[in-house]
Amino acid sequence: MAIVQLSDVNQAQERIQGFAHKTPALTSSTLDRKVSDALLLNAYLVFKCENFQKVGAFKFRGATNAIKSLLATYEGTGKKPVVITHSSGNHAQALALAAREQGVTCHVIMPNNAPSVKKVAVRGYGAIVTEKATKLVYERMKLVIEPSSAVPLAVALYSTEFKDWVDSHADMLQLNIGIVFSGGNVDIVKLSELFARLDTTTE
């Protein structure tokens with residue numbers, strides 16, 4: 001997988017302009033103090049609230065960027081792609097909505113035990129949901145967008161409003177931790193363990 005460059009972020013930002021919600025970046029002095037006391041450093045936390053994003057997850061940004069990038073390769077052909085993914089929740093909803101907004105047909109393979117509310121949402125966004133015959137669907141579709149492949153595309157999270165916020169706080173040299181609020185499957189225990197392993201030294 002190619003390493004994401006700043007130019008990729010800027011291009012993604014341009015592609016999704018007008019499609020993704022502008023979500024707030026919030027702070028909490030109480031949490032700053034608690035983290036500072038626990039880690040013995042001067043922490044300043046920024047919470048990018050992507051739980052307010054369409055479908056309730058930052059994944060909509062990556063899915064929109066993926067669809068828009070794909071459509072660019074079809075310009076002048078008079079054709080549109082058909083996309084397919086497999087997901088039990090947020091990526092499925094994100095790709096379904098992004099595809100609908102761009103007039104692209106979307107197929108989603110979902111496990112039989114996926115939450116019914118997620119299946120209803122994916123179908124509501126216009127995707128064709130398949131719960132069986134995985135191999136058959138994969139053979140017939142033209143393009144597969146893996147949930148994991150949308151991760152680097154979701155760097156469009158570095159949106160205009162967040163960039164402006166960062167620029168306005170440029171004097172804060174220790175601004176090096178960002179926490180994304182999203183509708184994804186986040187294990188708070190695992191997240192805590194991750195932060196505990198972070199190198200808190202600064203240059």
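Quick note: residue numbers are just sequence positions, from 1. Note: hydrogens, waters and symmetry copies are ignored here, and every other heavy atom, side chains too, is used.
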What distance do Ile109 atom CD1 and Ile128 atom CD1 have between them, rounded to the nearest 0.5 Å? 12.0 Å
Are Leu41 and Leu31 linked, directly or through other ILVMFWY residues, by side chains that come within less than 4.5 angstrom of each other? yes
Value rounded to 0.5 Å, distance of CG in Asn51 from OG1 in Thr23: 8.0 Å
Could I get the full list of side-chain contact (heavy atoms from CB on, under 4.5 Å) partners for Ala96, not counting sequence neighbours? Val122, Tyr125, Ala127
Identify the heavy atoms of Pro115 and Ser88 that sit nearest to each other, and give their distance. CD-O, 3.9 Å
Looking at every heavy atom in both Ser87 and Met110, which two are closest together, and how far apart are they? O-CG, 3.3 Å
Do the side chains of Gln102 and Phe19 get nearer than 4.5 Å, heavy atoms only? yes
Check Lys119 against Pro111 and note the closest heavy-atom contact, atom names and distance. CE-O, 3.6 Å
Between atom CD1 of Ile84 and atom OG1 of Thr105, what is the distance when rounded to the nearest 0.5 Å? 12.0 Å
Show every salt bridge (Lys or Arg N to Asp or Glu O under 4.0 Å) that has at least one partner inside residues 87-105, sequence neighbours left out. Lys54-Glu101
Is a side-chain N or O of Asp8 found less than 3.5 angstrom from the main chain of Gln5, in a donor-acceptor match? yes
Keeping the roles fixed (side chain from Arg61, backbone from Gln13), state whether a donor-acceptor pair exists under 3.5 Å. no
Can you tell me how far CG of Leu70 sits from CG of Asn65, rounded to the nearest 0.5 angstrom? 11.0 Å
Report yes or no: does Ser36 contribute a side-chain atom to a donor-acceptor pair with the main-chain N or O of Asn42 at less than 3.5 Å? no
Once rounded to the nearest 0.5 Å, what's the spacing between atom CD of Gln93 and atom NZ of Lys118? 5.0 Å
Student check: side-chain heavy atoms of Ile67 and Leu95 closer than 4.5 Å: yes
Partner set under side-chain contact (heavy atoms from CB on, under 4.5 Å) for Ser116, not counting sequence neighbours: none
To the nearest 0.5 Å, what is the distance between SG (Cys49) and CZ (Phe58)? 14.5 Å
